[in-house]
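Keep in mind that this is a model prediction, so the values were computed, not measured. Every chain is numbered from 1 and lettered A, B, ... according to where its sequence line falls, protein lines coming before strand lines.
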Number of protein chains: 4
Amino acid sequence: MVDTSAPEATRRSERARRAIHEAALALVAEAGYRKTTIEGIAAPAGVGKQTIYRWWPSKAEVLLEAFLDLVEQHARQARNVPYEIPDTGDVAADLKAVLRATVDQLLDPRFAAPSRALAAEGLVDEQLGRRVVATLLEPQLQLYVRRLRAAQQAGQVRADVDPRIALELFVSPLAQRWLQHTGPVSHAYTDTLVDYALHGLAPR
Amino acid sequence: MVDTSAPEATRRSERARRAIHEAALALVAEAGYRKTTIEGIAAPAGVGKQTIYRWWPSKAEVLLEAFLDLVEQHARQARNVPYEIPDTGDVAADLKAVLRATVDQLLDPRFAAPSRALAAEGLVDEQLGRRVVATLLEPQLQLYVRRLRAAQQAGQVRADVDPRIALELFVSPLAQRWLQHTGPVSHAYTDTLVDYALHGLAPR
Amino acid sequence: MVDTSAPEATRRSERARRAIHEAALALVAEAGYRKTTIEGIAAPAGVGKQTIYRWWPSKAEVLLEAFLDLVEQHARQARNVPYEIPDTGDVAADLKAVLRATVDQLLDPRFAAPSRALAAEGLVDEQLGRRVVATLLEPQLQLYVRRLRAAQQAGQVRADVDPRIALELFVSPLAQRWLQHTGPVSHAYTDTLVDYALHGLAPR
Amino acid sequence: MVDTSAPEATRRSERARRAIHEAALALVAEAGYRKTTIEGIAAPAGVGKQTIYRWWPSKAEVLLEAFLDLVEQHARQARNVPYEIPDTGDVAADLKAVLRATVDQLLDPRFAAPSRALAAEGLVDEQLGRRVVATLLEPQLQLYVRRLRAAQQAGQVRADVDPRIALELFVSPLAQRWLQHTGPVSHAYTDTLVDYALHGLAPR
DNA sequence: ACTTAACCGAGACGGTACGTCGTGTCTTAAG
DNA sequence: CTTAAGACACGACGTACCGTCTCGGTTAAGT
């Protein structure tokens, strides 16, 4: 995680940073983003408010960094860093597998609350939104781009398809269902999305 | 528009309601949703705060009602009420046409600011989110469901496809790109989505 | 007490005003002026901070008004409103009597703490200082002016003496001793001051 | 100036001490005592906050020491150290002369701001007040005591008069007028005070 | 001449209070 | 009898300083 804020961070307290991360994640999970306040983070973290304002420009940036730390930490524990979508030779199976894992993660409340909050904040604050997309979302999407390119080389996906658009056919529906509660999110659903996307809606 | 709140609405001032709608939409468009406050709406509307609190439970509900009024009013001016997606016999063309119109609307700042704000608020307030989806989004999606059903009867879409899921293949990517700024939104883009969705990514 | 602050006070809460007065006086007496804070006044008064900021420009002005109320209230209980220094025909005796009463009041902690605090604040904030002098001190001094004028007419004080300066000969030493702890304050002391002032230091 | 604090002062930086004195006096003169802060002194003095906290217990003590240095330095330049009130044989003339000089000094802004600030702080912090009186005020008053004693021996002042009280008849009024702005401070005024005090208010 | 311990500038830290803003409720005066 | 205006209690904001606490880096005493 790179420091994005003002002072030179040589003397920065690592203890304080970690405590703030943990307090922020805990509060968002327990009380919700709306009821999470800077003062509410500072108090249980045993930290002065100024220590937060010194290093982060907003509540959302605190949460973004805390969440990135959390994600990175879990990835490291799962020993899948750097991660790539597996290539068994069967694109459909590989995509279904990784989307099922994504579904599982979206249903884990520890991940759901912060990412939903960050998404919401990003909708209204464009600058933050771009940071959220660039750090959280786009790296994941690039995994799909790479897997689809491999599938194109293997002849399983048409060569004239743009992978960056193609991946949206199954990723975006899942994202919208989850974010906006427009429908149930399940393994069966993502399996269906992959089938529809790969083979189309029109009869052959 | 149906009254959603407690008091008997017989004596309700129509003048105040309109003024509140207009002030809310203007503020959200000019200052952004974050800087829009109940007091900030009441003042230019020439209305006491209590008049807002009496009829709406939250800032978001004010905006939702104001935006629904705006949408309804525009639809009435365009004389396309009740609206259906045209059926020229060519599904692909029909879908592309309606999606191009949607793109145009998404790029109109009078619509963009409030709907983005309502979407954001809905992510974090689930109850509001369900109201937003039910009143703003789902009616539009049902238009696609009906058009896809017709296409199924015409043999242009496989009969075993679930239209409610199928529509997400082109609607959700557009929604995500627009909401999260994950990519450019254009007529070419939605055309591509329709092509990919109808004919699939895999070679025939 | 005349309202000196911004809003039109017709809707002002008398309950809040009294509670603020009492809390301010109590805090200054118990904790001292330095440890008295606006928040510290608001809390026990059961009042929002804004209610204080709405009506008073500073902590010192709150205390000034509270203290004026206290003084006025005590004067009304003692039924000596409007007050004049008695005229028994013996200036020396009359001055000694009223100064002894002043000494007693200066030693009463309920009066001592606030007036010392207001004096201190007035030294550093000239505008406040002038208000403190005009409302608390000068009215008292005018009593001496009138009594000395009467003494001049009775031939007990030289006609060419300026009463406004003359009164300072016994009032200012007492004030300084009390304020700056430059010496003990007692009935004997003020008696001596009156004797010295009336008859001078030089031998006759 | 005696070190009043804990550490061994052998290694103390004289450069830092002087810079702190000057910054403190400058800030109090320019911005006022209220807006003078420890951090505000440390920065222009090119000094760490800790260097101030190491050697002084409070902002007021810094100012007291700085002001004592200033006074001492000026006295040394005027070559009147140690100072005594002149004795020309005419008490009235001698007292008027020294009071006129005092008036001039009170009107010099370089002296006025810090001494007013120290007086104010002393009113509220009794311990500091006693230090201020003992180091700044009482030495001056003792000069009057000695001159009055001489006058008593010369038969110009009654022998039964207490000089420590007598001096207050002309010193305290001047002090109060200056500190509390209760009236104009001028040579004419102090001349009058001396005349009234020496010869009394009552007709002979 | 060489440690070595204290002071030094700098500034992050946990705190407290500031004065402001907005919330949602309650009160008042005027139409 | 309703409604605009706005005072109220409350809670959070973001800022300013407080007084304490590291951090290297001089710097002067005592070996």
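- The distance between atom CD of E14(C) and atom C1' of dA7(F), rounded to the nearest whole Å, is 14 Å.
- Atom-to-atom, CZ of R54(D) to C1' of dT22(F) comes out at 13 Å; the value is rounded to the nearest Å.
- Taking the salt bridge (Lys or Arg N to Asp or Glu O under 4.0 Å) definition, one finds that R130(D) meets it with E126(D), sequence neighbours left out.
- One interatomic measurement links the two molecules: CH2 of W56(A) to P of dA12(E), which rounds to 14 Å at whole-angstrom precision.
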>> With side chain to side chain contact (heavy atoms under 4.5 Å, CB included) as the criterion, how do E61(A) and L128(A) come out once you've worked through the C-alpha distance, each side chain's angles and the decisive distance to 0.1 Å?
In response: CA-CA 8 Å; E61(A) 294 278 355; L128(A) 176 80; 3.6 Å; yes
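- Whole-Å rounding puts the I52(C) CD1 to dA17(E) P distance at 14 Å.
- Nearest-nucleotide mapping onto DNA chain F: of R15(C) and S58(D), the residue sitting toward the 5' end is R15(C).
- Residues meeting the salt bridge (Lys or Arg N to Asp or Glu O under 4.0 Å) test with E30(B), sequence neighbours left out: none.
- Near-neighbour residues of DNA chain E inside residues 29-45 of chain D, defined by a heavy atom below 4.0 Å, are absent.
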Donor-acceptor pairs are to be reported for all side-chain atoms of residues 35-49 of chain C against protein atoms at under 3.5 Å, with residues two or more places apart or in another chain.
| unit_1 | atom_1 | unit_2 | atom_2 | d |
| --- | --- | --- | --- | --- |
| T36(C) | OG1 | G32(C) | O | 2.7 |
| T37(C) | OG1 | G40(C) | N | 2.8 |
| E39(C) | OE2 | K49(C) | NZ | 2.8 |

Write out a two-atom table: protein N or O, nucleotide N or O from nucleotides 25-31 of chain E, distance below 3.5 Å.
| unit_1 | atom_1 | unit_2 | atom_2 | d |
| --- | --- | --- | --- | --- |
| dC26(E) | N4 | Q50(B) | NE2 | 2.4 |

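- Under a cutoff of 6.0 Å and an axis angle of 45°, R12(A) and W56(A) form a cation-pi pair.
- Ion pairing between R131(B) and E65(B) fails under the 4.0 Å rule for side-chain N and carboxylate O.
- Where G48(B) and K59(A) meet DNA chain F, the nucleotide closest to each residue was compared, and G48(B) sits on the side nearer the 5' end.
- When rounded to the nearest whole Å, the span between CZ of R12(A) and C1' of dG14(E) equals 16 Å.
- Between T51(D) and dC7(E), a side-chain N or O to OP1/OP2 separation shorter than 4.0 Å is absent.
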> For Y33(D) and L63(D), what are the C-alpha separation, side-chain angles and deciding distance, and is it a side chain to side chain contact (heavy atoms under 4.5 Å, CB included)?
Replying inline: CA-CA 9 Å; Y33(D) 183 70; L63(D) 185 59; 3.8 Å; yes
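- Listed by chain and residue number, E14(C) satisfy the salt bridge (Lys or Arg N to Asp or Glu O under 4.0 Å) test with R18(C) (two or more places apart in sequence, or in another chain).
- A close approach under 4.0 Å does occur between a side-chain nitrogen or oxygen of W55(C) and OP1 or OP2 of dC8(F).
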>> Could you go through E121(C) and R116(C), starting from their C-alpha distance and side-chain angles, then the distance that decides it, and tell me whether this counts as salt bridge (Lys or Arg N to Asp or Glu O under 4.0 Å)?
In response: CA-CA 9 Å; E121(C) 203 67 9; R116(C) 191 180 292 275; over 6 Å; no
